[in-house]
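Read through the structure below, which is laid out as structure tokens, and then see the notes.
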Amino acid sequence: PLKIITVLIALGFLFTPDLSLASSRASIVATINSDMITALQLEKNVRLALLAKGVDPNKVSPGELKDIKKSVLDDLVKESILIQEAKNQNIDISDKDVEKEIQNSIDKAGISKEAFYADLAKQGYDEKFYKDKVKKSLLTQTLINRNVLRKIIVTNDEILEFYLANGGQITGKANVALLVYPNGEQMDMHSEKLLDNPRRFEDIAKDISVGPSANKGGVLGEMAVSDLAVPVQSAIQGLDAGEVSKVFSLNGAYAQAKVLSKTTSSDNLAEIIDPAVVAKIRDGLRMQRVGNKIEEYITGLEKKAIVTIR
């Protein structure tokens with residue numbers, strides 16, 4: 001899957017076909033539905049691929065050149081199929097979107113716009129060519145996001161758990177009772193009943209819990225929410241005083257928590273974490289679960305396309 005993502009980001013090397021060229025370099029090497037790839041396009045992209053690998057285009061053996069041409073042509077065909085599908089779905093990338101993406105790259109590089117384009121020129125890109133590449137990359141990314149990634153569900157609870165596990169904090173204090181089940185049988189016997197009847201929580205914890213403060217009904221005492229174990233923080237998010245959480249995993253055991261009192265910054269995820277951070281975490285978790293879904297989606301589009309290699 002990572003290879004596919006890399007290909008999507010790296011794609012975008014097509015020139016608009018110039019049919020006025022009469023040389024053999026303007027001959028058609030492939031057609032994809034109504035789109036065409038010329039020998040000139042292929043030649044330029046092969047050269048760029050070699051430069052990206054640090055290989056002198058003038059010192060490549062015929063065998064290596066043949067393999068590289070095939071690989072580059074395959075990528076160009078895939079790109080054409082994706083771009084055509086993006087247009088079929090009325091996906092549009094404006095010049096403003098392109099400029100914003102380029103400016104983000106310039107800001108990350110920490111250099112001036114002039115220096116940025118000077119570096120690109122050393123890699124074989126002029127400004128117009130690079131902007132075209134960025135636009136096509138944004139088109140393919142938007143297409144994949146819409147048809148693959150957005151269909152992978154990531155819950156707010158999962159986002160919060162990731163946020164807390166990676167240094168994020170919830171401000172405020174809470175007093176929580178914790179019940180750590182000794183085995184799955186006890187968990188099956190009590191967990192659902194405690195959701196309906198939270199008042200028995202401390203008594204059950206005192207009888208069977210193998211967690212901290214079991215002799216006190218699992219009551220941990222008031223403390224900063226950030227001092228609770230991350231799974232406990234996630235479990236009590238959104239619960240009011242007197243409510244019991246669903247079963248969660250704690251150090252390899254089944255557990256439940258009851259909120260005795262709580263004063264946190266908010267129970268609303270959007271108010272705890274910056275929305276931009278939420279979106280970034282959600283996309284990251286989606287990518288972890290994507291598996292072969294992107295490759296399968298692209299393969300499905302390829303099967304429907306009419307491709308002729310000449």
Does [X] have more than 12 heavy atoms from other residues, nucleotides or ligands lying within 6.0 Å of its [atom1]?
X    : atom1 : answer
D107 : CG    : yes
Q123 : CD    : yes
Y254 : OH    : no

Would you please name every residue forming a side chain to side chain contact (heavy atoms under 4.5 Å, CB included) with A115, sequence neighbours left out?
->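 A115 satisfies side chain to side chain contact (heavy atoms under 4.5 Å, CB included) with I111, S112 once adjacent residues are dropped.
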Give the minimum heavy-atom separation between [X] and [Y], together with the two atoms involved.
X    : Y    : answer
L195 : V244 : CD2-O, 3.4 Å
G242 : P198 : O-CB, 3.2 Å
V247 : S191 : CG2-CB, 3.5 Å

Please report the C-alpha distance between K136 and D132 in whole Å, then the side-chain angles of each, then the deciding distance to 0.1 Å, and finally whether the salt bridge (Lys or Arg N to Asp or Glu O under 4.0 Å) criterion is met.
-> CA-CA 6 Å; K136 288 175 178 177; D132 187 53; 3.2 Å; yes
Qualifying residue for side chain to side chain contact (heavy atoms under 4.5 Å, CB included) with V134, from I93, V98, L139 |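 Only one option passes, and that is V98.
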Give the table of side-chain donor-acceptor pairs shorter than 3.5 Å for residues 298-310, with sequence neighbours excluded, one pair per line with atom names and distance.
unit_1, atom_1, unit_2, atom_2, d
T299, OG1, E295, O, 2.8

Using a 3.5 Å distance criterion without hydrogens, assess whether the side chain of [X] forms a donor-acceptor pair with backbone atoms of [Y].
X    : Y    : result
S245 : A257 : yes
K262 : L239 : yes
Q186 : N183 : no
S234 : P231 : no

Is there side-chain contact between [X] and [Y], with heavy atoms separated by less than 4.5 Å?
X    : Y    : answer
S27  : T38  : no
L250 : L178 : yes
N175 : V259 : no
Y117 : D126 : no
F129 : L120 : no
I32  : Q84  : yes

Please report, to 0.1 Å, the donor-acceptor pairs under 3.5 Å made by any side chain of residues 208-225, with sequence neighbours excluded.
unit_1, atom_1, unit_2, atom_2, d
S209, OG, V180, N, 3.1
S209, OG, G211, N, 3.0
S213, OG, V219, O, 3.3

Of all residues at least two apart in sequence or in a different chain, which pass the ring pair (Phe, Tyr, Trp, His ring centres under 6.0 Å) check with F162?
->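 Ring pair (Phe, Tyr, Trp, His ring centres under 6.0 Å) check on F162 returns nothing, list empty.
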Contacts of Y163 that satisfy ring pair (Phe, Tyr, Trp, His ring centres under 6.0 Å) - sequence neighbours left out |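 Here no residue qualifies.
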Output all residues satisfying side-chain hydrogen bond (donor to acceptor under 3.5 Å, both in side chains) with K131, sequence neighbours left out; order by chain, then residue number.
->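 Partners of K131 by the side-chain hydrogen bond (donor to acceptor under 3.5 Å, both in side chains) criterion, ordered by chain and then number, come out as E99, E127.
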For E101, enumerate each residue passing the side-chain hydrogen bond (donor to acceptor under 3.5 Å, both in side chains) test, keeping only those at least two apart in sequence or located in another chain.
-> none
Intermediate values then yes/no, side-chain hydrogen bond (donor to acceptor under 3.5 Å, both in side chains), E85 and N147 | CA-CA 11 Å; E85 181 62 22; N147 293 278; 6.0 Å; no
OG on S105 to NZ on K100, rounded to 0.5 Å =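 If I round to the nearest 0.5 Å, the distance is 12.5 Å.
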Tabulate below the donor-acceptor pairs under 3.5 Å that side-chain atoms of residues 148-157 make, not counting sequence neighbours, or state none.
unit_1, atom_1, unit_2, atom_2, d
T155, OG1, E158, N, 3.2
T155, OG1, E158, OE1, 3.3
N156, OD1, R282, NH2, 3.3

Report whether L51 and L65 are members of the same hydrophobic cluster (ILVMFWY, side-chain heavy atoms less than 4.5 Å apart, transitive linking).
->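 No, because L51 and L65 fall into different hydrophobic clusters, even though each may have its own neighbours under 4.5 Å.
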Are I144 and I91 co-members of a hydrophobic cluster defined by side-chain heavy atoms under 4.5 Å apart?
-> yes
Please lay out, stage by stage, how N145 and Q141 fare under the test side-chain hydrogen bond (donor to acceptor under 3.5 Å, both in side chains).
-> CA-CA 6 Å; N145 283 337; Q141 288 177 46; 5.6 Å; no
Return each pair, listed once, that meets salt bridge (charged side-chain N to carboxylate O under 4.0 Å, His left out) where at least one residue sits in residues 51-72; pairs must be two or more places apart or across chains.
-> K70-D74
Contacts satisfying salt bridge (charged side-chain N to carboxylate O under 4.0 Å, His left out) that involve residues 193-207 (not counting sequence neighbours) are E202-K258
So the ring-ring contact (aromatic ring centres under 6.0 Å, His included) pairs with at least one residue in residues 75-116 (sequence neighbours excluded) are F116-Y130
Please report the C-alpha distance between Y181 and Q256 in whole Å, then the side-chain angles of each, then the deciding distance to 0.1 Å, and finally whether the side-chain hydrogen bond (donor to acceptor under 3.5 Å, both in side chains) criterion is met.
-> CA-CA 8 Å; Y181 289 103; Q256 280 182 287; 2.5 Å; yes
Partners meeting salt bridge (Lys or Arg N to Asp or Glu O under 4.0 Å) with D97 (sequence neighbours left out) | none
